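Proteins get letters first, then strands, A, B, ... in listed order; numbering begins at 1 in each. Quantities reported herein were computed from a predicted structural model and do not represent experimental measurements.
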Amino acid sequence: MTTAKPQLSLYNTLTRTKAPFVPMDANNVRMYVCGPTVYDFAHIGNARPVIVFDLLFRLLRHVYGADHVTYVRNITDVDDKINARALRDFPDLPLNEAIRRVTEKTETQFLSDVKALGTLDPTHQPRATDNIAQMQALIAALIERNHAYVASGEVLFDTQSMPDYGQLSGRNLEDNLAGARVAVEAHKKNPGDFVLWKLSADNEPGWDSPWGRGRPGWHIECSAMSERYLGPIFDIHGGGLDLIFPHHENEIAQSRCAHGSQAMANVWMHNGFLQVEGQKMSKSLGNFVTINDLLQTGALGGQAWPGEVLRLAMLMTHYREPIDFSARRLEEAEAKLRDWQRAARETSPQAEIAPDADVLLAIADDLNFHRASVALDALARRANRGEAEAGEALAASLHFLGFTLSSALTSDDGWEPPAHIATAIAARLDALNARDFDKADAIRNELAEQGIALLDYKDDQGQRQTKWEVKR
RNA sequence: GGCCACGUGGCGGAGUGGUUACGCAGCGGAUUGCAAAUCCGUGUACUCCGGUUCAAUUCCGGACGUGGCCUCCA
């Protein structure tokens, strides 16, 4: 069954409007999203762009073909916060070794956290430290073109050399000056100039360069890695709202000035921020929640949550809107997911059922997940009324959106309970047939305390039967 | 101080210049020995004040509120 591919439209921060998406090359649609700095557990705010752009990745793969989309999400493994963490956690090790321990451990943790959220692996996940040469080449090009200069051992980007600097964030250099919070450093030509390369002390990580042994500034990493994997101009660049300025603004400045191009990416997308239980998330308020906390502990709502529940809780709100993350929200997401999963009908892999057209249309409309969820609700209702096709379309749609078909163990899926529970269920059925309801209810209550829910029904012959399910 | 978002019923949340979706919870009904699951039905909202308009929740302006950025925080 072939369905028409929906036309995508995406909101572009650069133009502040939603517009139809037209890739530069439909055979290779290219997207870059800023990834984590690996010095600590990723928090749930970090999870949002990961989930949002995974949804977009899935849509692009559906529309243009899985082999025609390249998605790059970097790993920032050189950063002063990492150095600080390395010194704190491994004071007895040589710095390089300590840094390696911190970044490897954090990266592994990040990848497993993110996997639990039902995300596909990006096509490439480059590390900053594997791209130092590319950064240096970019810096050299900027110096060559008079967009950067050396001062006091730093290489700085000359913001004044770019007339339309500030396009993305809609601010000009004067606005920034007015803030008076930008440190005025004597060696900078303009206060807004930012570091491309800085010298390292002996006890800091560094790489040899034409400008001395040093390390890259933060912004240059993404310019270098996106160019390496996607070319000087690509389709979509994503990240959190807070990255618009200065990070993305500076990426644009670097890439455009180094290449003499009119754009770095055609579409810039930014996800909104989230709060936790009505307050901004911060360590001092004690409501700092990591992805791992949610998956493994009872930090929010007193229980651990499946990754796909977190995924749904995140997607319930449009990606550009603010989210107030809460236990109640997770509960609602879990209930909703269970409803869909109960109604979905698994099909054989050969069936190739397409996701529901309304679901695709909604997602194609600037990732309107909530509208898609309305379509899923409608499918679930039809499936529960007995329309098999609706159940199959629901299953295909859930799969497309990155959800599994069952987050609980159920008798419908062929799950067999432990022997003593199976015995209890059989005993209860006997009691029911003997109309000993007190005994039957007692057994049911007992099982409920163990998290096993029973569902009675009558089969075609009018015989009492029982289904069961347990939370995974 | 500058720049940028957002403010819809108990909760979540879409959308629209003219009757405000949808979901959860609540309530009523069907079904059930009773439940559960499921189905059917159902009440309540567009922060405030101006302006434009025949008509604004929707457009414009202002106020208030919340959040973000202006230092490397998604």
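Put simply, CD on A:Q275 is 11 Å from C1' on B:C6, counting in whole angstrom units. For the pair A:H248 NE2 and B:C3 C1', the interatomic distance rounds to 18 Å; values are reported in whole Å. Nucleotide B:G67 holds its C1' atom 10 Å from the CG atom of A:L241, rounded to whole Å. Going from atom CZ of A:R371 over to atom P of B:A14 covers 12 Å, rounded to whole Å. Computed from coordinates, the A:F245 CZ to B:G2 C1' distance equals 11 Å when rounded to whole Å. Protein atom CD of A:E249 is 12 Å distant from nucleotide atom C1' of B:C3, rounded to whole Å. Rounded to an integer number of Å, the gap from CZ of A:R16 to P of B:G68 is 17 Å. A:I75 has its CD1 atom 12 Å from the P atom of B:A74, to the nearest Å.
Taking the C1' atoms as reference points, B:A45 lies 14 Å from B:C22, given to the whole Å. Nucleotides B:U20 and B:C60, compared at atom C1', are 22 Å apart to the nearest Å. Rounded to whole Å, the separation between the P atoms of B:C6 and B:U16 comes to 14 Å. For the P atom pair drawn from B:C48 and B:U57, the interatomic distance equals 9 Å after rounding to whole Å. As rounded to the nearest Å, B:G67 and B:G9 have C1' atoms that lie 23 Å from one another. For the P atom pair drawn from B:C24 and B:U58, the interatomic distance equals 29 Å after rounding to whole Å. On the C1' atoms, B:G65 is 28 Å away from B:U71, given to the nearest whole Å. Look at the P atom in both B:G41 and B:A5: the space between them is 41 Å, to the nearest Å.
Between A:N368 and A:R320, the residue anchored nearer the 5' end of RNA chain B, judged by the nucleotide with its closest heavy atom, is A:R320. Toward the 5′ end of RNA chain B lies the nearest nucleotide of A:S169, the other residue of the pair A:S169 and A:G239 mapping further downstream.
Of the N and O atoms on the side chains of A:S209 and A:Q136, not one donor lies less than 3.5 Å from an acceptor on the other residue. Side-chain atoms of A:T129 and A:D77 form a donor-acceptor pair, as typed in the model, at a separation below 3.5 Å. Inspection of the A:Y71 and A:D121 side chains reveals no N or O donor paired with an N or O acceptor under 3.5 Å.
In terms of the ring-ring contact (aromatic ring centres under 6.0 Å, His included) criterion, residue partners of A:H247 (sequence neighbours excluded) are, by chain and number, A:W218, A:H219. Residues passing the side-chain contact (heavy atoms from CB on, under 4.5 Å) test with A:L120, sequence neighbours excluded: A:D54, A:F57, A:R58, A:R61. Every residue two or more places apart in sequence or in another chain was checked for a ring-ring contact (aromatic ring centres under 6.0 Å, His included) with A:W340, and none qualifies. Partners of A:D293 under the salt bridge (charged side-chain N to carboxylate O under 4.0 Å, His left out) rule, at least two apart in sequence or in another chain, do not exist in this structure. Taking A:S9 as the reference, A:K18, A:D365 meet the side-chain contact (heavy atoms from CB on, under 4.5 Å) condition, with sequence neighbours excluded. For A:A47, the side-chain contact (heavy atoms from CB on, under 4.5 Å) partners two or more places apart in sequence, or in a different chain, are A:I51, A:L117, A:I291, A:M314.
Between A:K280 and the phosphate of B:G68, there is a side-chain N or O to OP1/OP2 separation shorter than 4.0 Å. Regarding contacts with the backbone of B:C73, every side-chain N or O of A:N46 stays at 4.0 angstrom or more from both OP1 and OP2.
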Restricting to nitrogen or oxygen on both sides, can you table the protein-nucleotides 59-62 of chain B pairs closer than 3.5 Å?
none

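Which of B:C73, B:A74, B:A14 sits closest to the side chain of A:K81 comes down to B:C73.
Side-chain atoms of A:R345 do not come within 3.5 Å of backbone N or O of A:A395 as any donor-acceptor pair. A donor-acceptor pair under 3.5 Å is absent between the side-chain atoms of A:N131 and the main chain of A:Q134, judged by distance alone. In this structure, the side chain of A:D193 does not engage the main chain of A:D158 through any donor-acceptor pair within 3.5 Å. For the pair A:R329 (side chain) and A:A313 (backbone), a donor-acceptor distance under 3.5 Å is present.
Taking a 4.0 Å limit (strictly below) on heavy-atom distances, residues 114-122 of chain A does not reach RNA chain B anywhere.
Backbone-only engagement by A:D377 is indicated by non-hydrogen atom pairs under 4.0 Å involving sugar-phosphate atoms exclusively. Across all strands, A:P246 comes closer than 4.0 Å only to sugar-phosphate atoms, never to a base (heavy-atom distances). Among the heavy atoms of the strands lying under 4.0 Å from A:G272 is at least one base atom, whether or not backbone atoms are also near. If you check every strand for non-hydrogen atoms under 4.0 Å, A:L243 touches sugar and phosphate atoms only.
Electrostatic pairing of A:K81 and A:D40 does not count as a salt bridge here, judged by no charged N lying under 4.0 Å from a carboxylate O. Salt-bridge formation is not detected for the pair A:K439/A:D430: no Lys NZ or Arg NE/NH1/NH2 atom is positioned less than 4.0 Å from an Asp or Glu carboxylate oxygen. A salt bridge does not link A:E204 to A:K198: none of the charged side-chain nitrogens sits closer than 4.0 Å to a carboxylate oxygen. The existence of a salt bridge linking A:K336 and A:D377 is confirmed by a sub-4.0 Å separation between a basic side-chain nitrogen and an acidic carboxylate oxygen.
Pairs passing the salt bridge (Lys or Arg N to Asp or Glu O under 4.0 Å) check and including a residue from residues 105-114 of chain A, sequence neighbours excluded, read A:E107-A:R127.
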Using Watson-Crick or G-U wobble pairs with both distances under 3.5 Å, give me RNA chain B in dot-bracket, 5' to 3', with [ ] for crossers and | for pairs to another strand.
(((((((..(((.....[...))).(((((.......)))))....(((((..]....))))))))))))....
Quick one: what's the B/S/- string for nucleotides 32-44 of chain B, heavy-atom cutoff under 4.0 Å, read 5' to 3'?
-BBBBSSSS----
Nucleic acid footprint by protein, nucleotides 7-13 of chain B - heavy-atom cut-off 4.0 Å, B for base, S for sugar-phosphate alone:
---BSBS
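Using a 5.5 Å limit on the distance between ring centres and a 30° limit on the angle between planes, the aromatic ring of A:F273 does not count as stacked on the six-membered base ring of B:G67.
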Candidate pair A:K189 and A:L156, rule side-chain contact (heavy atoms from CB on, under 4.5 Å), full reasoning:
CA-CA 9 Å; A:K189 286 188 186 174; A:L156 293 154; over 6 Å; no
